[in-house]
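Please read the structure below before turning to the comments.
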Amino acid sequence: MYETVKVVKGYEIKRMKGTRGAYHVNVREGKGFREFHTFRTIKAATEFIETTL
């Protein structure tokens, strides 16, 4: 089960409930296809969203 930590530009930064140090950003999702990136910190995930997406 995932919980949303932060929302940046419409993208949710999620982590596995009860864990720290692994944050996921779903870039595309649908019809059995899923592209996501994993980061060690919330700051790194936020920076990725702001610069790349």
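Quantities reported herein were computed from a predicted structural model and do not represent experimental measurements. All residue numbers refer to positions in the sequence shown, counting from 1.
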Evaluate the side chain to side chain contact (heavy atoms under 4.5 Å, CB included) criterion for residues V25 and F36: first the C-alpha distance (whole Å), next the side-chain angles of each, then the deciding distance (0.1 Å), finally the verdict. CA-CA 5 Å; V25 177; F36 65 94; over 6 Å; no
Derivation of the side chain to side chain contact (heavy atoms under 4.5 Å, CB included) call for I49 and I13: CA-CA 9 Å; I49 291 171; I13 300 172; 4.0 Å; yes
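Distance check, rounded to the nearest 0.5 Å: NZ of K9 to OG1 of T46 gives 11.5 Å. Atom OG1 of T4 sits about 15.0 Å away from atom OH of Y11, to the nearest 0.5 Å.
Take E3 and apply the salt bridge (charged side-chain N to carboxylate O under 4.0 Å, His left out) test, not counting sequence neighbours, and it matches R15. With sequence neighbours left out, R34 forms a salt bridge (charged side-chain N to carboxylate O under 4.0 Å, His left out) with no residue at all. By the side-chain hydrogen bond (donor to acceptor under 3.5 Å, both in side chains) test, E12 pairs with K14, sequence neighbours left out. Residues satisfying the salt bridge (charged side-chain N to carboxylate O under 4.0 Å, His left out) criterion with E35, sequence neighbours excluded, are R28.
When hydrophobic side chains of Ile, Leu, Val, Met, Phe, Trp and Tyr are connected at separations under 4.5 Å, F33 ends up as a singleton with no cluster partners. Under a 4.5 Å side-chain heavy-atom cut-off, the cluster of Ile, Leu, Val, Met, Phe, Trp and Tyr residues that includes Y2 is completed by M16.
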Side-chain polar contacts of residues 37-44 - donor-acceptor pairs under 3.5 angstrom, sequence neighbours left out - could you list them?
unit_1: T38; atom_1: OG1; unit_2: H24; atom_2: ND1; d: 3.2
unit_1: T41; atom_1: OG1; unit_2: A44; atom_2: N; d: 3.1

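When all heavy atoms of T51 and E47 are compared, the closest pair comes out as OG1-O, 2.9 Å.
In terms of hydrophobic clustering, with Ile, Leu, Val, Met, Phe, Trp and Tyr side chains grouped at heavy-atom distances under 4.5 Å, V5 and V7 are assigned to different clusters.
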